[in-house]
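Note: hydrogens, waters and symmetry copies are ignored here, and every other heavy atom, side chains too, is used. Order of the sequence lines sets the chain letters (A, B, ...), proteins ahead of strands, with each chain counted from 1.
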Amino acid sequence: MKHWLMKSEPDAFSIVDLERVGTEPWTGVRNYQARNYMKQMRVGDGVLFYHSSCAVPGVVGIAEVATEAFPDPTQFQKKSPYFDPKSTPEEPRWWCVDVRFVRRFAEPVTLAALRGEDRLEGLALLQRGSRLSVIPVANGHWKTILALAGG
DNA sequence: GCCAACGTTGGC
DNA sequence: GCCAACGTTGGC
């Protein structure tokens with residue numbers, strides 16, 4: 001089983017929102033590398049839910065992959081901000097997965113805390129200039145972050 | 001294929 | 001709001 005980290009701006013969709021709805025299609029990813037990672041996802045993979053572009057960025061809880069990748073429906077919706085006129089149903093360009101809530105951390109593991117942890121060296125999130133919204137997380141890094149969250 | 005211009009991300 | 005970093009676009 002693989003592990004991932006997925007970013008969301010809490011103003012748009014937070015861990016509280018995910019807890020309320022239970023399962024959410026992760027639509028709107030328009031970056032090829034992030035898309036390719038989602039295509040690699042398998043049902044049951046663990047996901048670190050990360051709040052970005054907010055007062056205290058950090059990992060706020062855990063989710064899991066609930067479906068294999070499927071074509072992101074928003075790419076075909078003309079009124080959607082994620083509409084892509086170059087995409088066709090026969091050859092979809094963008095894919096998404098369903099993400100299911102697992103649990104919320106009692107206290108977020110802040111970006112500052114992540115940066116202060118030697119054992120997280122190499123975590124793509126912490127690399128200079130990294131803006132990917134879907135990131136693979138090594139097994140050891142996953143365990144370390146869960147430990148920082150209190151187990 | 002190169003590269004300048006532009007738009008976006010995201011921490012601070 | 002600022003700005004560094006990055007991805008994409010499009011002219012040539």
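Here the P atom of nucleotide B:dG11 and the CG atom of A:Asp11 are 13 Å apart, to the nearest Å. In this structure, CG of A:Leu126 is placed 20 Å from P of B:dT9, rounded to the nearest angstrom. Rounded to whole angstrom, the span from the CG atom of A:Asn31 across to the P atom of C:dC6 amounts to 13 Å. Between the C1' atom of B:dT8 and the CZ atom of A:Arg131 lies a distance of 6 Å, rounded to the nearest Å. Put simply, CD1 on A:Ile135 is 13 Å from C1' on C:dC6, counting in whole angstrom units. For A:Lys7 and B:dG11, the NZ to C1' distance is 10 Å, given to the nearest whole Å. Per the geometry, CG belonging to A:Leu132 stands 10 Å off P belonging to C:dT8, to the nearest Å. Separating the OH atom of A:Tyr32 from the P atom of C:dG7 is a distance of 13 Å, rounded to the nearest angstrom.
At most 12 heavy atoms of other shown residues, nucleotides or ligands fall within 6.0 angstrom of atom NZ in A:Lys143.
Taking the six-membered ring for Trp and the full ring otherwise, A:Trp94 and A:Tyr32 have centroids separated by under 6.0 Å. In this structure, A:Trp26 has its ring center under 6.0 Å from that of A:Phe49.
An OP1 or OP2 oxygen of B:dG11 is reached within less than 4.0 angstrom by a side-chain nitrogen or oxygen of A:Tyr50.
Residues A:Asp17 and A:Arg20 are paired through a salt bridge, judged by an N-O separation under 4.0 Å between the basic side chain and the carboxylate.
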